[in-house]
Amino acid sequence: MAYVKNLFDQNFIQYASYVIRDRAIPEITDGLKPVQRRIIHTLIKTDDGRFTKVANVVGKVMAYHPHGDASIYTALVNLANKELFIDKQGNFGNMYTGDGASAPRYIECRLRAITKEILNTNPKITPYIDTYDGRDVEPVAFQAKLPLVLILGAEGIAVGMSTNILSHNIHEVIEAEKKCLRGEKFQLYPDFPTGGLMDVSDYQDGLGKIITRAKMDTSDDKKIIITELPYGSTTESLCDSIEKAVKNGKIKATSIQDYTSDKVNIEIRLQRGVYTKDVVDSLYAFTECEQTVYCNLLVIKDNMPVQMTCTQVIEHHSKQLVAILKRELELEKEELMEKLHLRTLERIFVEERIYKKIEEQKTEEGVNKAVKDGFKPFKDEIIRPITDDDVDHLLRIPIRRISLYDMNKNKAEVTAINKRIREINKLLKNLVDYAISWLDAIEQKLGSAQIKRRTKITNINTVDVKAVTKRDKPLKYDEKSGYLGIQVSGGVELFKVTPFDKILYVRKSGIFSVSETPEKLFVGPQLKYCGFADKESLSKVLFTIIYREPETQYVYIKRCKISAFIMNRDYFFAPEGMEVLHIDTRKSFSFKLNYVKKPRVKVTSEIFKADSYEEKSLKAKGVRIVAKEVQSIEIQTTQSKKSAEKKTETKEQ
């Protein structure tokens with residue numbers, strides 16, 4: 001058993017680690033999940049500037065992604081709809097209506113040129129590993145120059161953790177990164193392609209929540225037109241929620257028409273006598289027109305899941321951008337220095353006729369030595385020591401090229417190389433300014449359509465559902481069946497309620513409970529009390545409980561109010577083991593105690609007034625009325641103005 005347990009524990013840890021790192025949670029370096037990264041890697045590798053069938057792309061991605069084609073297709077469509085890395089052609093679905101994309105054989109896509117500028121694919125900068133079958137290599141994570149995890153957003157559920165990163169406006173993200181590089185303060189808020197209104201007062205830098213609302217045109221008193229959707233909704237789900245609210249009587253509308261195409265247009269026509277101002281709050285309260293979205297910025301950083309804030313992500317990527325640009329410049333400088341070295345060798349090799357010295361040599365070693373010796377007088381002009389590879393390069397120069405060698409062209413090329421090297425040296429000394437200028441350049445290439453904010457930030461006073469719900473549902477009690485609730489068919493109507501009310505009910509046994517408005521709850525026969533359980537209502541109700549101790553047959557009285565309770569929990573007015581004789585909510589009434597008959601005892605009954613006893617707390621014990629054994633109790637009630645008759649409620653031993 002110990003072996004099996006260890007095996008399960010080890011396998012579970014491996015599975016959990018795999019799901020967290022390789023499927024559900026995005027990597028902070030490039031903001032992508034593995035399937036997204038493999039799609040972009042495939043598009044970069046096969047890019048020829050033309051559109052390609054999505055089905056063809058999905059098939060090629062399967063060489064890197066060890067899962068089914070359906071997950072790849074879905075991820076590709078979602079990534080294309082972000083409109084940053086992929087150009088699309090055909091029906092990729094409608095984010096407003098929620099309609100899905102066409103089959104992969106009918107739609108096409110291609111890589112956008114800007115992708116290669118944002119994602120560094122140089123193997124000297126971006127680490128690569130073998131694919132799952134060892135036939136190819138794929139990037140561990142692209143070295144991204146923008147914080148894509150904030151721009152694209154992400155949702156994922158892993159083992160024991162989840163992430164919900166909201167998408168942000170790319171222009172605002174770039175501006176925040178610029179401010180971070182300058183050492184200035186910045187603040188980021190989400191932005192959604194569906195538009196709508198948003199309250200970010202509790203956003204907490206990506207770890208709190210936001211409230212989103214649909215944007216409505218309420219200029220007409222008799223109809224409401226929804227023009228923008230809240231985040232997380234489609235026109236279909238929104239219309240369904242409105243229809244449900246109308247069916248339940250929450251909203252009074254005659255028709256709901258969806259005219260959405262490339263823009264949202266949902267028309268709600270109201271009933272006669274109902275106006276726009278009367279319905280708006282109900283739409284926010286009972287439909288998807290208002291939603292609360294909770295955020296959790298969880299990413300993979302240094303191969304571990306880490307919770308971060310938007311500010312921390314921007315700071316991380318600002319350093320990453322500077323580091324990537326520095327490494328690119330250093331690599332370019334190394335390549336230019338190597339090119340300058342070779343051009344210098346070529347010039348000296350041809351200009352000083354060093355190639356003539358190899359004519360007398362008969363061995364490869366002799367040729368190699370002759371070339372190297374020929375360069376010794378010019379060692380001050382040479383950038384680095386000459387290697388065998390340099391000699392091999394010089395010996396490969398065709399005779400035709402030597403005879404037609406253009407000194408002026410070589411000089412112009414060397415001048416251009418030196419000029420670029422000086423520029424690189426200057427940029428390396430001013431990396432922050434260079435990073436800011438790179439961000440400016442990439443923003444210009446994006447275009448105005450992509451950098452315009454779509455979701456309006458505003459203050460939203462959330463609608464209290466309880467406040468806008470009318471008490472119009474009858475709460476009924478059927479004494480025969482013992483059921484209490486709004487779905488009880490027979491019985492007596494007690495009062496009107498809402499589904500959100502708290503109801504207090506007291507059984508004849510002296511047990512009381514508080515619950516949400518019940519649909520159909522068994523409480524037993526002879527329900528003693530039922531009412532609202534809010535503070536205002538309870539403060540007005542004084543309970544009088546008369547109970548008897550079984551051992552001594554002494555009777556006690558307790559008068560109290562209910563000030564605190566826990567929902568759906570049973571409470572007992574009397575101490576444990578006591579027999580409850582009567583429960584009353586009147587402030588004053590009289591009751592008669594009939595004593596157990598004994599020899600030589602003349603007084604067999606007495607009448608007492610309930611209001612002569614003081615009110616106590618709910619947890620206090622009752623007051624003993626009299627030190628006599630009580631056989632029964634009779635409650636005194638007034639039936640008319642002229643005469644009083646007795647109504648008895650007897651408890652026999």
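Being a predicted model, the structure only gives us computed values, none of them experimental. Both backbone and side-chain heavy atoms feed into the values below; hydrogens, waters and symmetry mates do not.
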Looking at [Y] and [X], is any side-chain nitrogen of the basic one under 4.0 Å from a carboxylate oxygen of the acidic one?
X      : Y      : value
Arg453 : Glu172 : yes
Asp611 : Lys587 : no
Asp478 : Lys480 : no
Glu267 : Lys223 : yes

Between the side chains of [X] and [Y], does any donor sit under 3.5 Å from an acceptor?
X      : Y      : answer
Thr234 : Ser237 : yes
Thr227 : Asp217 : no
Glu290 : Thr212 : no
Asn169 : Asp191 : yes

So is [X] actually on top of [Y]'s ring, under 6.0 Å and inside 45° of the axis?
X      : Y      : value
Arg213 : Tyr284 : yes
Lys250 : Phe286 : yes
Lys222 : Tyr275 : yes

Flag side-chain contact, heavy atom, 4.5 Å: Thr235 against Asn265
no
Does a side-chain heavy-atom distance below 4.5 Å link Ser513 with Arg507?
yes
ring-ring contact (aromatic ring centres under 6.0 Å, His included) partner of Tyr529, the single match among Tyr505, Phe543, Tyr477, Phe512:
Phe543
